Each structure stands twice: as C-alpha cells, then as structure tokens.
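Structure first, then comments.
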Amino acid sequence: MRRLRSLVFAAAAGYAACLALPALAQYGGPGSGHGRPQGDDQEAAKKKARDEAFAGPSALPKLANAGPCPFVKSLYDAARYVEFRNGVEASAAVGYTGEIDDVVAGCAYKGAEPIKVRAQILFALGRGPQAEGRSHTYGYWIAVTDRNHAVLDKQSFSLPVTFPAGRDRVLVTETIPSIVIPRATTTVSGGNFEVLIGFDVTPGMAAFNRDGKRFRPNAGETATANQASATP
C-alpha cells in the first residue's frame with residue numbers, strides 16, 4: 001500500500017523556534033507481529049512483503065544538487081508506537097503497534113532555490129491481542145530542524161489502516177514527493193538541516209522507546225505471581 005503526500009515547510013534558514021527535540025538517533029528494525037512463519041521461511045516472507053511494499057531508493061530519481069542534503073531520519077523516542085492496555089508492559093496487553101521500518105531520501109537545490117527533499121517512509125504496523133476492531137488511525141509528524149536541533153517547522157498527518165481478516169501485520173509506504181525548505185542565502189547548504197519523522201506517542205510510549213524496551217511476555221505473570229506470594 002502506497003500513499004503520496006506533498007509538503008511545504010515555510011521556515012527560513014536561520015530562524016529557530018524555542019522547542020528543542022530530545023536526543024536523536026536513526027531507528028530501524030522489524031515491526032511487531034504475531035503468528036509469522038519461522039526461521040528462513042519467516043525471513044524470506046518478511047523480505048518479500050517488504051520489497052513489495054517499499055520501492056526504496058529505486059523509486060526516488062537521482063537529483064542534482066549544489067551541496068549536501070539534509071539528513072532524513074526517524075526520532076528514536078517516536079520511532080515505535082506500542083499501545084499497552086492499562087499500562088501493563090506485557091505481550092498479552094498489546095493493542096495496536098507501529099514502527100518506522102525504513103526511510104530513504106534525496107534532495108535538489110542550486111543558486112537561490114529552496115531545498116527540495118523527496119522521501120519514502122516504510123511503516124510496519126501491527127495489531128496485538130488487545131486491539132479493538134480491525135481499523136486504526138495512526139498519527140505521525142514530519143519536522144524540519146536546524147543543526148542545533150531547534151524546530152523550524154512541523155506538520156502532523158493521519159495514517160488510517162485497515163487490517164485484512166486473518167492478518168495482524170501490514171506494511172504501508174508513504175511517499176513524500178516534495179518537502180520544500182527555504183534558504184536565507186545561497187551559502188546555506190542542506191547540511192544545516194535535518195528532517196525528522198515520528199509517531200504521535202504518549203509520554204509513556206516515548207519512555208518505553210527511550211529505554212530500548214521490547215515486549216516482556218512475563219510481565220503480567222510476574223505481577224500475578226508476586227501478588228499470589230503476598231497473599232496469606
């Protein structure tokens with residue numbers, strides 16, 4: 001499934017907002033799913049599905065530019081989306097999940113032209129045992145920052161997804177054909193900017209991601225066992 005968006009960021013180079021972003025790191029990895037094939041079959045099926053959903057660099061034509069491009073990446077704290085029912089960090093308590101699985105980008109600019117960035121984002125989305133219904137709308141955002149991590153502009157988007165019957169995992173590609181970043185002068189290069197991508201996450205989700213946590217299948221069982229041992 002592929003979706004197309006075109007963005008214009010009306011932020012002049014040199015302008016800095018007061019909002020600072022957390023520490024940055026590029027994120028990658030498989031999405032959250034259940035009931036997939038094992039071993040080599042699992043990897044082959046996963047690669048085939050990913051290749052079918054994500055054209056990657058081959059879908060982005062080579063662009064000529066006068067300098068370096070902005071670094072386009074996901075924000076570590078917001079690269080995963082994991083719902084836990086009642087705040088219990090256990091696999092049995094998982095609702096809807098999502099990961100930014102891959103990001104590729106290219107740019108073009110010359111003379112006094114603004115920087116034009118093209119990007120593709122691969123989302124791996126999952127449906128856990130506590131997910132209600134088969135449809136969910138994920139929120140995500142794209143922001144442009146300067147090299148000091150001050151936000152110049154930020155836009156939010158909705159990603160509605162319906163999981164087919166019998167499937168608890170889907171891959172969705174968002175194609176961003178034009179992210180326009182104005183420059184204050186011709187000497188300002190793309191290396192002065194970053195384009196960041198992330199899910200709309202709660203503070204609890206951000207903390208879960210920041211701590212590098214994954215599913216803890218025995219979390220609920222441990223809590224129950226502790227309660228039982230405390231009972232006279």
Side-chain angles (χ1 to χ4, degrees), residues 1-11 17 19-33 53-54 72-89 93-105 117-145 149-164 167-180 194-211 213-215:
M1 187 189 305
R2 290 186 174 84
R3 294 159 58 88
L4 197 68
R5 297 191 186 279
S6 183
L7 314 181
V8 175
F9 286 91
L19 176 62
L21 289 175
L24 310 176
Q26 188 152 12
Y27 184 87
S32 303
F54 192 54
V72 182
K73 61 186 180 181
S74 58
L75 182 68
Y76 187 80
D77 292 2
R80 288 188 295 151
Y81 176 97
V82 185
E83 294 179 346
F84 288 112
R85 186 171 184 177
N86 299 325
V88 178
E89 294 180 3
V94 172
Y96 285 101
T97 68
E99 295 196 31
I100 298 175
D101 202 355
D102 202 355
V103 179
V104 296
V117 179
R118 298 177 182 177
Q120 274 197 343
I121 313 163
L122 179 63
F123 292 95
L125 310 171
R127 181 178 177 276
Q130 295 299 326
E132 297 181 358
R134 304 209 66 84
S135 296
H136 186 70
T137 298
Y138 296 84
Y140 75 96
W141 48 263
I142 298 176
V144 174
T145 76
H149 301 166
V151 176
L152 304 179
D153 202 357
K154 180 178 178 181
Q155 296 185 23
S156 297
F157 305 93
S158 295
L159 180 60
V161 176
T162 298
F163 291 82
R167 292 183 58 189
D168 58 12
R169 175 184 169 92
V170 296
L171 298 174
V172 178
T173 297
E174 290 276 83
T175 298
I176 317 295
S178 182
I179 301 173
V180 180
E194 291 180 323
V195 178
L196 304 177
I197 303 160
F199 284 105
D200 290 335
V201 295
T202 65
M205 291 178 182
F208 183 84
N209 294 338
R210 193 178 306 120
D211 291 342
K213 294 180 180 178
R214 292 287 174 175
F215 295 152

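Computed from a prediction, not measured in an experiment: that's the story for all the values here. These values consider heavy atoms only, across backbone and side chains, with no hydrogens, waters or symmetry-generated copies. Along the sequence shown, the residues carry numbers beginning at 1.
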Rounded to the nearest 0.5 Å, the OG1 atom of Thr175 sits from the CD1 atom of Ile121 at a distance of 8.5 Å
Here the gap from Glu83 atom CD to Glu132 atom CD, rounded to the nearest 0.5 Å, amounts to 9.0 Å
With sequence neighbours left out, the residues meeting ring pair (Phe, Tyr, Trp, His ring centres under 6.0 Å) with Tyr138 are Tyr81, His136
Original post:
Is the backbone N or O of Gly133 less than 3.5 Å from a side-chain atom of Arg127, with the two atoms forming a donor-acceptor pair by type?
Top reply: yes
Minimal heavy-atom distance between Glu174 and Phe123, with the atoms involved, is CG-CE1, 3.5 Å
For Pro177 and Arg118, the nearest pair of non-hydrogen atoms, with its separation, is O-CG, 3.0 Å
Open item on the list: Between Arg134 and Phe163 (side chain of the first, backbone of the second, donor and acceptor by atom type, cut-off under 3.5 Å), is there such a pair?
Closed with: yes
Side chains of Val94 and Phe84 in contact at under 4.5 Å (non-hydrogen atoms):
yes
- Query: Between Leu196 and Lys73, is any pair of side-chain heavy atoms under 4.5 Å apart?
  - Reply: yes
Side chain to side chain contact (heavy atoms under 4.5 Å, CB included) test vs Tyr140 passes for just one of Leu159, Ile100, Val201, namely Leu159
Do any N or O atoms from the side chain of Asn209 and from the backbone of Arg80 form a donor-acceptor pair under 3.5 angstrom? yes
Between the CG atom in Leu125 and the CG atom in Asp101, the distance rounded to the nearest 0.5 Å is 10.0 Å
The reported gap from CG in Leu171 to CG in Asp102 (rounded to nearest 0.5 angstrom) is 11.0 Å
On a heavy-atom basis, the closest approach of Ser178 and Val180 is OG-CG2, 3.4 Å
Value for OG1 (Thr162) from CZ (Arg167), rounded to nearest 0.5 Å, stands at 11.5 Å
* Hey, does the side chain of Trp141 reach the backbone of Phe157 with a donor-acceptor pair shorter than 3.5 angstrom? -> no
Between Gln130 and Ala93 (side chain of the first, backbone of the second, donor and acceptor by atom type, cut-off under 3.5 Å), is there such a pair?
no
